[in-house]
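Below is one structure, written out as structure tokens, with a few remarks after it.
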Amino acid sequence: MRERLQELKEQALAQVTEAQDVKALQEVRVAYLGKKGPITEVLRGMGKLSAEERPLIGQMANEVRDEIKSAIETKEVALETAAVEAKLAKESIDVTLPGRPQKTGARHPLTAVVEEVEDAFLGLGFSVAEGPEVETDYYNFEALNLPKDHPARDMQDSFYFTDELLLRTHTSPVQARTMEKFEGRGPVKIICPGKVFRRDDDDATHSHQFMQIEGLFVDKNVRMSDLKGVLEAFAQSFFGPDRSIRLRPSFFPFTEPSVEVDVSCGMCGGEGCRVCKNTGWIEVLGAGLIHPKVLEMSGFDSKEYSGFAFGMGVERLAMLKYDIDDIRHFYTNDVRFLAQFKRV
Ligand code: 2U9
């Protein structure tokens, strides 16, 4: 039996040495150490041995089994390590190769302009307010002193869902809704950026969808001089510190008095040139003191409170700032146009 065990051990260890992979090792394990294997068989047959021989053979069988087991385990670790090393060698990367250029996007120029205008007004203590693009006739017109038969409605024809529901023609309803929420107690100091819609034929300067930023400041003792100071600070922040503004009388149903606001021409510095059509000035926004009726309709006592409001077209600002000649560029998604704004 001693010889048999010695023989089994040598055979098993030789097969472990020869095994080229984990599967072959597994086969050796089953063949020698399995329940039906020769070592188990030896142990089972020990009953036939004499009392002196039994413990000796039992000890030897256990030793042989442990030796085979540990040889298999050692070989297993060696095979696994070799496999990982082979994989690493195959997958090594050449870190000296040049990198692949990353394709980067760009903010849409209208987004860039909105964010820049927001920054300028946030610095002046304004907050940003937003509201729905589908509006009621009341907030889009009535609350802004544009009753049903008002002639100024003709300039803001819209897309109607029903007689009372339409795509907003300006962001002014956001201001009216915000004022209502303040329940007659100022100050209210907000700017309202967003998409607006008008029934219009598209050409180089008109688009049936465009963006506006409107603003409003309601408090006690708000005057025209406050409006002028805020708009001058904005113009200098957005167009450059050397710019000035001028106000010309105008009319809007929601403001009284109303003004058009011009910025001095950046091309000629006010001398007169092609860009400003020889006037030295460029029209950029409309503004005025909020009509007392509008204040009252949104819940403010017009004897206690006053305020100013202003509105500007985002496309027009972008066209002036980046010398863009056609409003349709903003909405046709030509990558050659959009890629020019990567640094903006
Ligand atoms: C409330 C009260 C008053 C907003 C104003 C303008 C003047 C204006 C135009 C500029 C170019 C629109 O994009 S544009 O066509 N806007 O001239 N907007 S005052 O006045 C308000 C708004 C809300 C409650």
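Indexing begins at 1, ligand by ligand and atom by atom, following the structure's order.
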Taking 4.0 angstrom as the limit, do Asp326 and Arg328 come out as a salt bridge?
-> yes
Residues 179-215 vs ring-ring contact (aromatic ring centres under 6.0 Å, His included), sequence neighbours excluded, gives none
- Task: Might you work through the ring-ring contact (aromatic ring centres under 6.0 Å, His included) test for Phe254 and His291, ending with a clear yes or no?
- Result: CA-CA 5 Å; Phe254 27 79; His291 198 293; 9.8 Å; no
Could you give the side-chain donor-acceptor pairs of residues 212-219 under 3.5 Å, partners two or more places apart or in another chain?
unit_1, atom_1, unit_2, atom_2, d
Gln212, OE1, Thr171, N, 3.0
Glu214, OE1, Ser172, N, 2.8
Glu214, OE1, Ser172, OG, 2.6
Glu214, OE1, Gln175, NE2, 3.3
Glu214, OE2, Ser172, OG, 3.1

Smallest heavy-atom separation, Ala152 atom then Leu146 atom, equals CB-CD2, 3.5 Å
Using a cut-off of under 3.5 Å, which N/O atoms of ligand 1 pair up with protein N/O atoms, and what distance separates each pair?
unit_1, atom_1, unit_2, atom_2, d
ligand 1, 13 (O), Gln212, NE2, 3.0

Residues 294-319, side-chain donor-acceptor partners within the protein, below 3.5 Å, at least two apart:
unit_1, atom_1, unit_2, atom_2, d
Glu296, OE2, Ser302, N, 2.8
Glu296, OE2, Ser302, OG, 2.7
Asp301, OD1, Lys303, N, 2.9
Glu304, OE2, Lys220, NZ, 3.1
Tyr305, OH, Gly186, N, 2.9
Ser306, OG, Val222, N, 3.0
Ser306, OG, Val222, O, 2.9
Glu315, OE1, Met211, N, 3.0
Glu315, OE2, Met211, N, 3.0
Glu315, OE2, Tyr331, OH, 2.5
Arg316, NE, Glu283, O, 2.8
Arg316, NH2, Glu283, O, 2.6

